[in-house]
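Model, not experiment: these values are computed from the prediction.
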Amino acid sequence: MQRWTTTALGAVMLGATLGAQAPARRGMTFEDVLMLRTVSDPQPSPDGAWIAYVVGGADTVANESTSAIWLARADGSAPPRRLTAGRKRDYAPRWSPDGTRLAFLSTREERAQLWVIAPQGGEAERFVETRTAVAAFEWAPDGTRIAFVAPRAPSAEAEKRQQRRDDPIVVDSGFVYPRLHVVEVASKRVRELPLGDVAVSDPRWSPDGRRLAVTVAPTPKADDGGRTDLWIVGADSGAPAPRPLLVNPGPDAGARWSPDGRSLAILTRLTDRPGLGHQRLAVIPAEGGTPRIVVEPTAWEPQPAQWSADGRTLYTVAQTGTTTTLFAVPVAGGAPRAVVGGDAVLAGLTLTRDGRTVVAVRSTLSAPGEVHVASVTGTSTAPLRRLTDHNPQLRDVALGAGSVVRWKGPGGLDVEGVLVLPVAHRPGTPVPTIVAVHGGPAGVWTQGFPGGWNNYAHVWAARGWAVFMPNPRGSVGYGERFLTANYQDWGGGDYGDIQAGLDTLVARRIADPDRLGQIGWSYGGYMTAWTVTQTTRFKAAM
């Protein structure tokens, strides 16, 4: 059978084959969504020759999610191959500094544990056994130790109470704190580093292997995620007591050491409103002091940065409207430069150790995420090149055309969103339309593939519906003023933005005003519940 590849945005479905009509491709179904493979967390080997990454999916028989570690040649000279063979979740692959081993987390023993495997293949072995789940880890620069985060094992009495089901949860007490540990690779001896009762995350080794930078929160409560601080912890026995690196009312996180170990790049929000506003990319001396803001983003918020090998540039990923972009930011100050972007979503962006190659998972409105690479050369990059193809079955599925739409909200505010049209849509013919409101409110609809959890636009498109995904004021990726524009005004200006966008689609004869529905969860659920008290234009809401 002749196979057709879905084209980019605004694609037209082709129908002719050599001398005969091609069979019509079917639309996407919920069963197709279950069969999708998700690609994530690409990690280049120290020499840049290989990329380890995670492929996830659904085990519809066991009714649970699964994932495995795969390997791809960075030059694309050989097909990717599966490395781990467990039927549970293998994830978070991290190369040893010499490239001879891959450590990863796995739930094959129910709780997440640290495992190690040779990249050439063979049996994986559990590296260290803990009685609680491991949450994060990192190799020491010399490969002799691994730092990891896990709660302490419960006491014998606590386990007995659990078995008797005599273990009531008392609100705001009895917290189970994630603790910082170091395991010696040779002896497998584990040692907890004493930090007291704080929730530890994101351990990062200094280049000399003597210290760790960690993010700490007062408790493991979700709300305390906006009250994090940065600490420096000595990794050796007899090291000085842990010390705060930066403490302020807003969140501090994402500490990354400079190559010379003298400074750290961090994310900080110097505010007493921890839930609002952009974090700033800053540099702080390793011995402490006042952080220096490297760039004041006006239209984007940075993610944890990566240093260039010479320590002169910071690379950071940011949400830029409906897309993501990799920026190069001079450490000394100056205008950031866009390195990799385009009409797509880039996740897991990582630079190779030599800084010459960018690795990322790239997805678009018409294609799920796959591992891509690009060469970084001076002030420009080569185009992204795809290495993997884990969802070839979609070449036989007809997808609705997707695009970005723009309009004016109340007060003349510039607003945009994403629109997916029905399969085989005829221009000028109004169609039933679903308005999907994202969560947050500081969420965002992007140009990533809309065929998964919480976004089934391609499934609706197969059934003749258009799906309108607005990014009203309060969405991330459009600047700090836009992000905070609905502060203490949920259901005000943001509601007006959404309705104005829908009015635009009705005026353009895309949305049928007599066949409208609205859906949303979290903040989107709040907005949907609010909407049906303000207007009768929707025939259904969910």
Side-chain angles (χ1 to χ4, degrees), residues 40-41 65 89 91-92 105 107 111-112 130 132-137 148-152 154 158 162 167-181 195-204 213-231 244-255 266-280 301-304 319 347 437-445 452-455 474-477 480 483-484 486-491 494 520-530:
S40 63
D41 202 9
S65 61
R89 293 180 59 236
Y91 60 101
L105 297 179
T107 60
R111 59 183 179 270
T130 62
T132 57
V134 176
F137 70 94
F148 69 91
V149 173
R152 289 174 183 162
Q162 290 175 2
D167 56 343
I169 297 174
V170 180
V171 174
D172 290 344
S173 67
F175 294 117
V176 178
Y177 290 94
R179 311 279 181 171
L180 180 63
H181 302 77
L195 276 74
D197 287 341
V198 292
V200 181
S201 62
D202 196 20
R204 298 287 167 167
V214 296
T215 302
V216 300
T219 75
K221 295 194 318 184
D223 286 349
D224 280 345
R227 301 171 55 200
T228 55
D229 296 313
L230 296 171
W231 287 16
L245 175 69
L246 181 61
V247 176
N248 83 80
D252 308 305
I266 64 170
L267 300 178
T268 182
R269 186 186 299 147
L270 303 174
T271 174
D272 59 357
R273 294 196 310 200
L276 287 172
H278 282 173
Q279 287 192 291
R280 268 56 176 174
E301 181 177 21
Q303 295 179 19
Q319 186 71 41
V437 186
H438 63 62
V444 66
W445 291 120
W453 183 84
N454 193 38
N455 189 349
S475 301
V476 72
E480 194 163 46
L483 177 69
T484 59
N486 69 338
Y487 179 62
Q488 295 186 341
D489 188 37
W490 283 22
D494 45 10
W521 76 278
S522 191
Y523 162 80
Y526 165 89
M527 185 57 66
T528 299
W530 172 256

Please round to the nearest 0.5 Å and tell me the distance separating atom [atom1] of [X] and atom [atom2] of [Y].
X: Leu105; Y: Phe137; atom1: CG; atom2: CZ; result: 5.0 Å
X: Thr219; Y: Arg227; atom1: OG1; atom2: CZ; result: 7.0 Å
X: His278; Y: Gln319; atom1: NE2; atom2: CD; result: 10.0 Å
X: Asp489; Y: Thr484; atom1: CG; atom2: OG1; result: 11.5 Å
X: Leu246; Y: Asp252; atom1: CG; atom2: CG; result: 4.0 Å

Considering all heavy atoms of both residues, which atom of [X] and which atom of [Y] are nearest to each other, and what is their separation?
X: Tyr177; Y: Ala199; answer: CD2-N, 3.7 Å
X: Thr228; Y: Ala253; answer: OG1-CB, 4.5 Å
X: Pro302; Y: Gln279; answer: CD-O, 3.3 Å
X: Asp202; Y: Ala255; answer: OD2-N, 4.4 Å

Side-chain heavy atoms of [X] within contact of [Y], under 4.5 Å:
X: Asn486; Y: Pro441; value: yes
X: Pro154; Y: Thr132; value: yes
X: Pro220; Y: Pro178; value: yes
X: Leu230; Y: Thr215; value: yes
X: Leu267; Y: Pro304; value: yes
X: Thr130; Y: Phe148; value: yes

Checklist entry - Does the salt bridge (Lys or Arg N to Asp or Glu O under 4.0 Å) test come out yes or no for Asp197 and Arg179, once each step is laid out? => result CA-CA 8 Å; Asp197 287 341; Arg179 311 279 181 171; 2.9 Å; yes
Checklist entry - Going by the angle between their ring planes, with limits at 30° and 60°, are Trp530 and Tyr526 parallel, tilted or perpendicular? => result parallel
Checklist entry - Which word best sums up how the rings of Tyr523 and His438 line up, parallel for under 30°, tilted for 30 to 60°, or perpendicular for over 60°? => result tilted
Next on the checklist: As a quick check of understanding, evaluate side chain to side chain contact (heavy atoms under 4.5 Å, CB included) for Val214 and Val198, giving each step before the final call.
Outcome noted: CA-CA 11 Å; Val214 296; Val198 292; over 6 Å; no
Would a distance-only check, ignoring hydrogens and angles, find a side-chain to backbone donor-acceptor pair under 3.5 Å from [X] to [Y]?
X: Ser522; Y: Gly524; result: no
X: Asp229; Y: Ala217; result: no
X: Thr107; Y: Arg89; result: yes

Checklist entry - Do other residues, nucleotides or ligands put more than 12 heavy atoms under 6.0 Å from Asp223 CG? => result no
Item to check | salt_bridge(Arg280, Glu480) N-O dist < 4.0 Å | outcome: yes
Next on the checklist: Under 4.0 Å between a side-chain nitrogen and a carboxylate oxygen: does that hold for Asp224 and Lys221?
Outcome noted: no
Checklist entry - Should Trp445 and Asn455 be marked as a side chain to side chain contact (heavy atoms under 4.5 Å, CB included) after you check the CA-CA gap, both sets of side-chain angles, and the distance that decides it? => result CA-CA 9 Å; Trp445 291 120; Asn455 189 349; 3.4 Å; yes
